[in-house]
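What follows is a short report on a single structure.
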Amino acid sequence: MLACLIRKFCTRQEMVRVLNVAEKNDAAKNISDLLSRGNYNRKEGRSKFNKIYEFSFELLNQKCSMAMTSVSGHLLGYEFQSSFKYWESVNPVTLFEAPVTKQCQDKFKDIKQTLEQEARRAQWLVIWTDCDREGENIGFEIVEVCLSVSPRLKVYRARFSEITHRSLINACQNLGPIDKRVSDAVDVRSELDLRIGAAFTRFQTLRLKRVFPSVITDGKIISYGSCQFPTLGFVVERFKSIESFIPEAFWKIRVIHEIDESERAEFIWTRNRLFNELACQVIHDHCVDAGTAIVTKIETKPKSKWRPLPLDTVEMEKLGSRKLRLNAKEVMKIAEKLYVQGYISYPRTETNIFPKELDLTPLIQCQTSDSRWGAFASNILNSGPTPRQGKKSDQAHPPIHPTKYANSLQGNEAKLYEFIVRHFLACCSKDAQGLETKVDIKIGDEQFVATGLMITARNYLEVYPYDRWSDKSLPIYTEGQVFTPTRIDLDESATTAPPLLTEADLIGLMEKHGIGTDATHAEHIETIKSRDYVGVQTDGRFVPCPLGIGLVEGYDAMGFAMSKPHLRAELEADLKRICDGTKDPSIVLREQVAKYKEVFIKAVEQVDKIDDAISLYLQQPKVAVQPSAMALPSALPKVQKCPNCQGDLTLKRKRDASGYYVGCNNYPTCKAAIWLPSRVNEVEVDSEKCQTCQGSPYKLKFKFNPGAYRPHLDDTVVVCIGGCDDFITNLLGIKPLRPANSSRPPDRGLPQSPTTVSEADRSFQQTRHSFVRTGSFQSYSGSNRSDQELDADWGDDLDDDILIMAGNIDVAPLSSGNNSATMPTGRTLSTAVAGSNDVLCTCRTQALLLTVRKEGPNKGRQFYKCGNQTTDCRFFLWSDEIGNAQVPSQTGRPPQAQNQAVGVANCHCGIQAKMKVGSLLKPVHLIVTFPITPYISYSQNQIY
DNA sequence: GCAAGGTC
């Protein structure tokens, strides 16, 4: 009994918990069913669409407790920050560089929670997403979510092409790593599509709404996309070639020989046709005059009609459209369903060669019981399958083929399954054989020919009703035979324009030029229909609408090949290079963004060309739009007016994308900037303005790295960085800029007229001048820099500036022994020792020295916090940041400078000021307080 | 409100 328990216990101990994640629920279910041989338990997940299937399985020679769940396609997607979501207030050109983040849509939050919950319990993670580029990317999204809660998970990738037991077992035996490069390529594609699509769509829509308000009404979108636009381009190009087509008359001679009702031959002129009527008339007259025909040659030779190639996706879409009357979108939807049910192999493939290792015999075998094609299948087995081989391979999936027999499908599913089976059997059988007979005759000097066909072996045609090959009988002739034709006609005709494109034509062109994926061809076609760019005739052919042709011509007139396929094809080629590892994803992204941005800027400049083209086709006059009305809305999300130059301070991303800052849009003329801390994950401009700070800056919504500022701040906060909140600015190490009218140095942007200079400003100015001239700070004492030069540095890089103090200041030296610090005014500062509990906070109570206890990066770190619980004071200071204020003891600085090394001083009045000293004294970091002189207006956290 | 790509 005990032994049994121990054994049970040990067994349980050895079981590895494996989280398996498929791309969709159906796949998860079928994979679980096959791996467990039907022996699984179904559990609810957080998402009602994505269940959890649990079963035991042996993986990598370990007994495993498997949990198989799924996502629903992409879990995460790129989005602009909310401040860029406003069409009217954001210049679309900024969308080329605006920060984008990967977000989980609300509708997938529950799936994410299931993954997190299951990942916490698991030791291994196996990715079972589809084995294509998007599948690899989805796999990475799953990995990202799971590792964030369970960093020690071992991650594996299962690779398979069909959901059959054999293929899945093979995948389990060949688990490998997930391919980052392939996933990177998808990220690049995805980000570019968003930036380019959003920028051009907003630009076109806003512009055309203004210029054609009666046609482009509210709610109508004039979209641009790197796939939909070339698709439109194909339709327009064909339409235009038809429009510009000039028919040309031609003439031909036709000879008819009717023996009786059932025996008839039509002879074709070997010259085919002549474009000169008179010449043709003369020849015709000669033939009529000759009156009789002589048979000059009879030739009979074998002729084959080739069986179809193995089926790839595009061929399936095209044949679906032509033969089954299902549009491409329907075909793919049904095929997907058949795939997840295990009836057919993966339906997205570019391969039309069956791999040698794929044994076709059992696949054919399982079709032998069918009443319609079973006998044919048996015949193939008798002689052995001989699949025709194409030339394309994506090295991932075999051609589409049935994987098991089905006889209970209904409707279009049955129709498509039947097509796939018949196509597969046809491809594995033999070409149809026939005998073609050619009869050459001569009338006068002119030669004519008639052909007949006798089919000798229908072969694949027996199982493939989608192809036609008919007998064409001819009367029996003998060489040298002379007969009198029933008629010798002179037919007049004319060349005709090519027809408009059908859906199958359009898909063919999209495939040829690499527009969209096998799965999305149909969707792009739907998009251009829904945008009123194209219409469909009753015969199913596509014709462009005024809007569509106008847009294409507008860009053509600018000289941009926006509607041509090669832009997208170039990207596709680059994506392949990323997958191969021959090109860096960030370089591809940068190059492509730069390319499209340049086109965008030029398109804005020449937008009247689009107006003109659309006006022409819509037959609508343009509404005169003032240049200002087209002036693009003002740039990046604005935080506040720049205190230096009255430009706009906007939220920006650092050039190396490592973080964010708020900078002036007049850069490089104005270099005002507030650098935001590196522990910020995301930041955006909030809709709320600060009512305390001058200039009412917008607040910022920060999303910090998890736990970065705990316990003091949640990971997501909305705060003002304008300077009204010491707690925030200290904690985040932010140096607010000073509003122009009170806090900037008075000699910058000073009122021009002396009469407008306030007493306060004048006093301040004098104080500052006297200080600078004292040269008390070593960094400037040896400098001949003028005040103007000093001003020029203001806001440029505060770290390198002397920040000037005025008034009576008490400064506390640190415990380094520099107990006496001479301040610019020459006063000796009194002491409040940092590093002890003598720190006073802004509400003038003694600050408490505390230690972070919560788990996270700051655990164990000490900080000061207001001890007075009755006030609203939010004083906060890291104790180790006080330490930073210490002057390094061996810097080779002049002693005078060392004397100025000060640490933390606290307030007589509740106001804190920071003081930073120029390069010589770096990294002196000083927090001082000083009394307010009655005639100077200071604000909290102001820097002097 | 925008793309294209997954999927429901």
- May I ask you to evaluate whether A:T520 reaches the phosphate of B:dG5, defined as a side-chain N or O under 4.0 Å from OP1 or OP2? yes

- Query: Should the pair A:F200 and A:Y596 be assigned to parallel (<30°), tilted (30 to 60°) or perpendicular (>60°) ring geometry?
  - Reply: perpendicular

- Task: Hey, can you tell me if A:F160 and A:W128 have their rings parallel, tilted or perpendicular (30° and 60° cut-offs)?
- Result: tilted

- Would you classify A:T201 as touching base, sugar-phosphate or nothing, given that sugar-phosphate means primed atoms plus P, OP1 and OP2, and contacts are heavy atoms under 4.0 Å? sugar-phosphate

- Item | Phosphate OP1/OP2 of B:dG5 contacted by A:H524 side-chain N/O (<4.0 Å) | yes

- Using only heavy-atom distances, determine whether the side chains of A:T502 and A:D505 contain a donor-acceptor pair under 3.5 Å. yes

- Query: What's the closest nucleotide to the A:R189 side chain, out of B:dC2, B:dA4, B:dT7?
  - Reply: B:dA4

- Message: Which nucleotide wins on minimum distance to the side chain of A:C227, given the candidates B:dA4, B:dA3, B:dG1?
- Response: B:dA4

- Return no unless some side-chain N or O of A:S223 is found under 4.0 Å from OP1 or OP2 of B:dC2. no

- Query: When all nucleic acid strands are considered with a 4.0 Å heavy-atom cut-off, which category describes A:S226: base, sugar-phosphate, or nothing?
  - Reply: sugar-phosphate

- Under 4.0 Å between any heavy atoms, over every strand shown, what does A:T517 touch: base, sugar-phosphate, or nothing? Just pick one. sugar-phosphate

- Task: Starting from the 5' end of DNA chain B, give me the residue, A:E191 or A:Q105, whose nearest nucleotide shows up first.
- Result: A:E191

- With a non-hydrogen cut-off below 4.0 angstrom, is A:Y224 in contact with a base, only sugar-phosphate, or nothing? sugar-phosphate

- Task: Examine A:F560 together with A:Y555 and report whether their ring centres are nearer than 6.0 Å.
- Result: no

- Message: Please confirm whether the shortest side-chain N or O distance from A:R348 to OP1 or OP2 of B:dT7 is below 4.0 Å.
- Response: yes

- Message: Looking at A:R568, I'd like to know whether one of its side-chain N or O atoms comes within less than 4.0 Å of OP1 or OP2 on B:dG5.
- Response: yes

